[in-house]
Number of protein chains: 2
Amino acid sequence: MAYQRESLVAQAREIREASGVSQRALSERAGLTQSHISQIESGKMEPGLSSFIDMTRALDLELVLVPKKLVPAILNLVKAQATPSMHIHAGQPNDKRFARAERLVKQLRQIYGSSADLDRIDDLLRFLRRVNLSDQEMQLVRELIDRLDHHQASAQAAPIVREIAQNLQRLRNSIAHAAPSEPRPAYSLDDGDADA
Amino acid sequence: MAYQRESLVAQAREIREASGVSQRALSERAGLTQSHISQIESGKMEPGLSSFIDMTRALDLELVLVPKKLVPAILNLVKAQATPSMHIHAGQPNDKRFARAERLVKQLRQIYGSSADLDRIDDLLRFLRRVNLSDQEMQLVRELIDRLDHHQASAQAAPIVREIAQNLQRLRNSIAHAAPSEPRPAYSLDDGDADA
DNA sequence: AGAAACGATACATAATTATATATAGAGACA
DNA sequence: TGTCTCTATATATAATTATGTATCGTTTCT
């Protein structure tokens with residue numbers, strides 16, 4: 001029965017995380033304490049109605065009261081709209097990641113000399129850096145960069161570098177001709193019925 | 001700042017009264033005490049999130065969390081189904097709506113030229129026109145057509161058109177999926193065809 | 001390795017909600 | 001008038017939220 005409350009709180013949390021806002025930042029904007037938010041989000045305490053409203057308002061959300069009957073229709077609207085503009089926030093850490101990646105490439109060049117694959121990676125990074133990436137996409141980039149880092153000292157670096165280049169290329173392609181037939185979700189458009 | 005909370009509580013109260021439910025009756029269905037509800041409704045005390053949810057659930061309402069951006073659209077939906085004056089019923093008006101929609105698409109084609117999205121919308125409209133839509137579904141279609149109308153003159157029509165196409169597609173998918181997944185019993189152990 | 005940010009948790013304490021029960025005042029109805 | 005039902009209050013008490021401050025364990029970046 002506490003069901004619905006949990007769902008709402010979980011939604012709020014997902015959206016907070018998706019927009020790259022920390023509990024602390026949110027706590028300031030909402031006028032609550034970080035520990036308070038933590039406890040609410042982790043279900044250890046139930047928020048008062050206006051505490052919850054304060055949280056959601058600080059996330060550009062609103063609580064609305066609707067007849068059960070047209071909840072599905074409304075979820076449709078929300079879902080459809082959730083994709084495009086979600087990424088106004090969170091400008092910071094990505095740049096740093098790219099910077100790190102470019103440093104890495106530079107180091108690899110010094111170790112192994114220039115290679116076509118490295119040039120390609122360099123190019124692709126410059127491209128990707130300028131694009132608005134979804135969380136999922138950024139996640140992929142991150143993993144690839146980590147792999148690059150990890151195998152930097154490896155004896156068999158060359159094939160791995162090539163594979164990474166291919167992966168980045170694939171990502172760029174998928175972004176470049178942005179899906180006319182299949183409008184893929186830029187970020188999770190779940191309605192949370194399966195996970196938790 | 002407590003404005004929103006008051007508004008929600010006031011809405012709940014209005015709806016309770018409009019449906020002729022007494023505080024006492026509501027208190028039993030919601031599992032709260034009458035005095036509790038009285039204090040909440042008169043603003044003398046602020047409900048916890050789940051107390052409020054219990055109240056609203058007992059009134060066949062639901063709290064949903066939506067981006068501020070599309071609150072107006074949602075209020076439209078809610079209002080449309082709340083006012084008995086606007087009722088659609090009757091077989092005819094739907095056809096007219098679709099006809100209007102198709103004229104709209106035609107006009108858009110003349111203004112902006114053909115586009116994949118417009119083609120898709122055209123297709124989807126033809127499909128939806130032939131299907132029996134529930135009131136809710138028709139409501140959604142109506143809302144989408146209205147949006148198409150409103151943004152017809154907009155400079156940035158393209159992304160909106162795409163979004164509308166996606167919405168219609170989603171609706172079609174939900175219809176197409178729902179029908180065949182029914183086991184289709186050879187002998188009818190039907191449940192009455194109300195779609196609700 | 002060290003610094004920084006993040007989320008979870010641990011208190012102590014103040015403030016408020018929630019429950020139970022009872023009753024008062026207003027309005028409708030016979 | 002007497003009786004209903006409904007909402008608003010009045011307690012007293014138990015339970016929970018909310019604040020402040022501080023710390024712990026992780027992860028991430030330098």
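Quick note on labels: first sequence line is chain A, next is B, and so on, each numbered from 1.
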Colleague: Would you kindly compare B/R24 and B/P47 by the position of their nearest DNA chain C nucleotide and give the one closer to the 5′ end?
Modeller: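 Going by which nucleotide is closer to the 5' end, it is B/P47.
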Colleague: How far apart are the closest heavy atoms of B/L26 and B/M55, and which atoms are they?
Modeller: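 Reported closest heavy-atom pair: CD1-O, 3.9 Å.
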Colleague: Could you tell me the boundaries of the chain B footprint on DNA chain C, defined by atoms under 4.0 Å from its heavy atoms?
Modeller: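 Nucleotide range in contact with chain B: C/dT17 to C/dT21.
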Colleague: Measuring from B/M45:CE to B/I37:CD1, what's the distance to the nearest 0.5 Å?
Modeller: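 So the CE of B/M45 and the CD1 of B/I37 are separated by 12.0 Å.
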Colleague: Rounded to whole Å, please give me the gap between CD in B/Q23 and P in D/dT9.
Modeller: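 Rounded to whole Å, this separation is 11 Å.
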Colleague: Please identify each residue that fulfils side-chain contact (heavy atoms from CB on, under 4.5 Å) with B/Q34, with sequence neighbours left out.
Modeller: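 So B/Q34 forms a side-chain contact (heavy atoms from CB on, under 4.5 Å) with B/Q23, B/R24, B/S27, B/S38.
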Colleague: Students often get this wrong, so: under 4.0 angstrom with heavy atoms, is B/E41 touching a base, only sugar-phosphate, or nothing?
Modeller: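 Since no nucleic acid heavy atom lies under 4.0 Å of B/E41, the category is nothing.
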Colleague: Without swapping roles, check the side chain of A/E46 against the backbone of B/L49 for a donor-acceptor pair under 3.5 Å.
Modeller: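 Here the side-chain-to-backbone pair exists.
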Colleague: Given atom CD1 of A/I40 and atom P of D/dT17, what is their separation to the nearest angstrom?
Modeller: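 Those two atoms, CD1 and P, are 9 Å apart.
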Colleague: Check A/Q11 against B/L65 and note the closest heavy-atom contact, atom names and distance.
Modeller: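 It is OE1-CB, 3.7 Å.
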Colleague: Could you report the tightest heavy-atom contact between B/V9 and B/E41, atom names first, then the distance?
Modeller: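 For B/V9 versus B/E41, the nearest heavy atoms are CG1-CA, 3.9 Å.
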Colleague: Can you tell me how far CG of B/L8 sits from CD1 of A/I53, rounded to the nearest 0.5 angstrom?
Modeller: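 Reported value, rounded in 0.5 Å steps: 5.0 Å.
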Colleague: Heavy atoms only, 4.0 Å cut-off, all strands: where does A/S38 land among base, sugar-phosphate and nothing?
Modeller: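 Since a base atom lies under 4.0 Å of A/S38, the category is base.
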Colleague: Taking the nucleotide of DNA chain D with the closest heavy atom to each, which residue, B/E46 or B/Q39, is nearer the 5' end?
Modeller: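 Taking each residue's closest nucleotide, the earlier one in sequence belongs to B/Q39.
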Colleague: Determine whether a donor-acceptor pair (N or O, by modelled atom type, separation under 3.5 Å) exists between the side chain of A/T33 and the backbone of A/H36.
Modeller: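 Confirmed, A/T33 side chain pairs with A/H36 backbone.
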Colleague: For the helix from C/dA1-D/dT30 to C/dA30-D/dT1, what is the angle between the axes at its two ends, each from 5 pairs, rounded to 10°?
Modeller: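 Nearest ten degrees gives 40° for this helix.
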Colleague: Measure from CZ on A/F52 to P on D/dT17 and round the result to the nearest Å.
Modeller: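 These atoms are roughly 15 Å apart.
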Colleague: Report the distance from atom CE of B/M45 to atom P of D/dT9, rounded to the nearest whole Å.
Modeller: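 About 12 Å, once rounded to whole Å.
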Colleague: Got a donor-acceptor contact below 3.5 angstrom from the A/S51 side chain to the A/P47 backbone?
Modeller: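 Side chain of A/S51 to backbone of A/P47, a donor-acceptor pair under 3.5 Å: no, none is there.
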Colleague: Measure the distance from CG on B/L26 to P on D/dA8 and round it to the nearest whole Å.
Modeller: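 Answer to the nearest Å: 13 Å.
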Colleague: In whole angstrom, give the distance that lies between atom CZ of B/R13 and atom C1' of D/dC6.
Modeller: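 Result: 11 Å.
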Colleague: Atom CE of A/M55 to atom P of D/dA18: distance rounded to whole Å?
Modeller: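 Atom-to-atom, A/M55 to D/dA18, this comes out as 11 Å.
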Colleague: For a quick check of understanding: with a heavy-atom distance under 4.0 Å over all strands, which category does A/S51 fall into, base, sugar-phosphate or nothing?
Modeller: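 Since only primed, P, OP1 and OP2 atoms lie under 4.0 Å of A/S51, the category is sugar-phosphate.
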